[in-house]
Amino acid sequence: MKTSVSMYSLHRYVKQENLDVFGFIQYAATIGVDGVELLDIYWKNEQEEIPQVLSLLAENNLQVSAYDITNNFVKPDEKERQHEINRVHQAIDIAKELNTNVVRIFSGDILEGVPFEQGKEWIIECLKECATYAERQGVILGIENHGYFAGRSEQIIELIHTVNSPNILSTLDTGNFLLVDENPNDAVTKVKQYVAHVHFKDFIKMSSDYDGPAFKSLSGNKFLGTVAGEGNVDLNHVISELKNVGYTGWLSVEFEGTEDPKVGTKKSVSNLKKLLPART
């Protein structure tokens, strides 16, 4: 398995200090990872930046582990859904330019007035159309376990089975299962055979009287992001289960903790590397 870091880990630096993709790659080169995970939301002008990104990656002996698109297929207007499909198609093209064969995708967001089954139907229709293009281009679309429509392991598996394409698999986010009140160990065991990419992330449960900013689960439990290996997710179990199914892909740190993101991300990478030698 190979180590990576997602640019989303430094989201606060992007927002507060205008960190760009070049600064992120330079940071990644200092923390001992094999690759970087890039996101569509951080480009300023991708067609101008991509050649420079490729050059900087080569200089630092880094690869792109995955390219992330922030799509949303739950759109009542058919033209809007087609726009989202087109965005995924574009992301597939960009992934190929970046020499990665994995695109992280979402399913869709809950929308007031849209019944669950209707939203799910739109998601499946869009996924099928995206899968056709992904198959032609030789790119895997990894649905992240995220949100109302695809947060739980059985939802991810159902989408994969329903679309029925070899190019639709899972982006396994190790922390997000806690936000839908699913035991991460159980969830990882269920989805392990479908994994195309991994977000290596950890959360820690807070007490009920904690009143600071927090991620809330469906049942109201409060969680904070934390350094990978210091929270409630059994990351040893994650790596063990992935090894059992012969996974040789990327483990990409996604830090969402409260401390300085550069510090927390570096600690997370260090903890990840400590877990790997004994298991890979």
Side-chain angles (χ1 to χ4, degrees), residues 1-42 60 62-70 102 104 106 142 144-147 151 171-180 184 187-188 195 197-206 210 212-217 221-239 242 249-276:
M1 299 181 210
K2 298 167 285 187
T3 61
S4 169
V5 59
S6 169
M7 188 168 172
Y8 194 74
S9 300
L10 301 191
H11 184 71
R12 261 188 280 159
Y13 275 87
V14 176
K15 292 300 182 184
Q16 297 173 7
E17 299 187 20
N18 203 31
L19 177 77
D20 60 18
V21 65
F22 309 112
F24 165 67
I25 292 170
Q26 289 166 339
Y27 163 77
T30 70
I31 61 172
V33 291
D34 304 308
V36 295
E37 182 171 353
L38 303 181
L39 291 83
D40 65 324
I41 57 175
Y42 296 135
N60 289 283
L62 293 169
Q63 298 173 267
V64 176
S65 60
Y67 181 62
D68 296 5
I69 175 79
T70 52
V102 176
R104 189 288 312 272
F106 288 136
E144 182 171 341
N145 50 295
H146 173 98
T171 291
L172 169 63
D173 187 298
T174 58
N176 282 355
F177 293 115
L178 289 170
L179 303 184
V180 292
V188 169
V195 174
H197 186 65
V198 177
H199 283 170
F200 202 75
K201 185 166 75 182
D202 211 345
F203 285 127
I204 188 165
K205 187 177 180 181
M206 308 303 290
Y210 172 79
F215 297 96
K216 283 190 177 181
S217 75
N221 290 323
K222 299 173 186 178
F223 292 91
L224 287 182
T226 190
V227 171
E230 297 183 5
N232 296 132
V233 180
D234 184 352
L235 295 171
N236 262 306
H237 176 81
V238 173
I239 291 174
L242 291 172
W250 294 91
L251 302 172
S252 189
V253 165
E254 189 179 65
F255 176 74
E256 295 185 11
T258 56
E259 67 179 285
D260 183 320
K262 288 186 177 180
V263 175
T265 299
K266 185 176 181 179
K267 288 181 183 176
S268 295
V269 169
S270 177
N271 288 345
L272 166 59
K273 294 172 82 171
K274 289 174 186 174
L275 291 176
L276 284 176

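We're numbering straight along the sequence, starting at 1. Please read these numbers as outputs of a predicted model, since none were measured by experiment.
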Practice prompt. Using a 4.5 Å cut-off on heavy atoms from C-beta on, say whether the side chain of Pro261 contacts that of Ser9.
Written response: no
Worksheet item: Where do Val5 and Val33 come nearest, in terms of heavy atoms and distance?
Response: CG1-CG2, 4.1 Å
Discussion item. Counting only heavy atoms from other residues, nucleotides and ligands, does the tally under 6.0 Å from NZ of Lys266 exceed 12?
Written reply: no
Discussion item. Give me the atom names and distance for the closest heavy-atom approach of Gly142 to Thr171.
Written reply: O-OG1, 3.0 Å
Worksheet item: What are the two closest heavy atoms between Tyr210 and Gly212, and how far apart are they?
Response: CE2-O, 3.3 Å
Worksheet item: Between CD1 of Ile25 and OG1 of Thr30, what distance do you get to the nearest 0.5 Å?
Response: 12.5 Å
Item to complete: List in chain and number order the residues that pass salt bridge (charged side-chain N to carboxylate O under 4.0 Å, His left out) with Glu37, two or more places apart in sequence or in another chain; answer none if no residue qualifies.
Response: none
Fill in: Separation of Glu254 CD from Tyr8 OH (nearest 0.5 Å)
7.0 Å
Fill in: Straight-line distance of Arg12 CZ to Asp260 CG, nearest 0.5 Å
7.0 Å
Practice prompt. Would you check if Phe223 and Asn232 make a side-chain contact, meaning some heavy-atom pair closer than 4.5 Å?
Written response: yes
Worksheet entry | Short side-chain to backbone donor-acceptor contact, Asp173 and His199, under 3.5 Å | no
Worksheet item: Given Phe203, which of Asn176, Thr226, Thr174 fulfils the side chain to side chain contact (heavy atoms under 4.5 Å, CB included) condition?
Response: Asn176
Discussion item. Does Leu251 form a side-chain contact (heavy atoms from CB on, under 4.5 Å) with Leu242? I'd like the steps, not just the answer.
Written reply: CA-CA 10 Å; Leu251 302 172; Leu242 291 172; 3.9 Å; yes
Practice prompt. Go through Asp34 and Trp250 one step at a time and tell me if the side-chain contact (heavy atoms from CB on, under 4.5 Å) criterion holds.
Written response: CA-CA 9 Å; Asp34 304 308; Trp250 294 91; 3.6 Å; yes
Discussion item. Do Lys262 and Thr265 make a side-chain contact, defined as non-hydrogen atoms from C-beta onward lying under 4.5 Å apart?
Written reply: no
Discussion item. Measuring only between side-chain heavy atoms, which start at C-beta, is Val36 closer than 4.5 Å to Leu38?
Written reply: yes
Worksheet entry | Non-hydrogen side-chain atoms of Val14 and Met7 separated by less than 4.5 Å | yes
Worksheet item: Yes or no on side-chain contact (heavy atoms from CB on, under 4.5 Å) for Ser217 and Leu178, after CA distance, side-chain angles and deciding distance?
Response: CA-CA 7 Å; Ser217 75; Leu178 289 170; over 6 Å; no
Discussion item. I need the Leu276 CG to Asn271 CG distance, nearest 0.5 Å.
Written reply: 11.0 Å
Worksheet item: Quick one: are Ser65 and Lys2 in side-chain contact, heavy atoms under 4.5 Å?
Response: no
Worksheet entry | From Tyr67 atom OH to Arg104 atom CZ, the distance as rounded to the nearest 0.5 Å | 10.5 Å
Fill in: Inter-residue atom distance Glu144.CD - Thr70.OG1, 0.5 Å rounding
11.0 Å
Worksheet entry | Residue list, salt bridge (charged side-chain N to carboxylate O under 4.0 Å, His left out) with Lys267, at least two apart or on another chain | Glu259
Worksheet item: Are side-chain heavy atoms of Phe177 and Leu172 found at a separation under 4.5 Å?
Response: yes
Worksheet item: What's the shortest heavy-atom distance between Gly231 and Asp202, and which atoms?
Response: N-OD2, 2.8 Å
Worksheet item: Can you name the closest pair of heavy atoms from Phe24 and Ser6 and give their distance?
Response: CZ-C, 3.7 Å
Worksheet entry | Distance-minimising heavy-atom pair for Asn60 and Ala29 | OD1-CB, 3.4 Å
Practice prompt. Please tell me if the side chains of Asp20 and Tyr42 come closer than 4.5 Å, counting only heavy atoms from C-beta onward.
Written response: no
Discussion item. Leu272 vs Ile239, test: side-chain contact (heavy atoms from CB on, under 4.5 Å). Steps then yes/no.
Written reply: CA-CA 10 Å; Leu272 166 59; Ile239 291 174; 4.3 Å; yes
Worksheet item: Taking the side chain from Ser268 and the backbone from Ala228, do they hold a donor-acceptor pair closer than 3.5 Å?
Response: yes
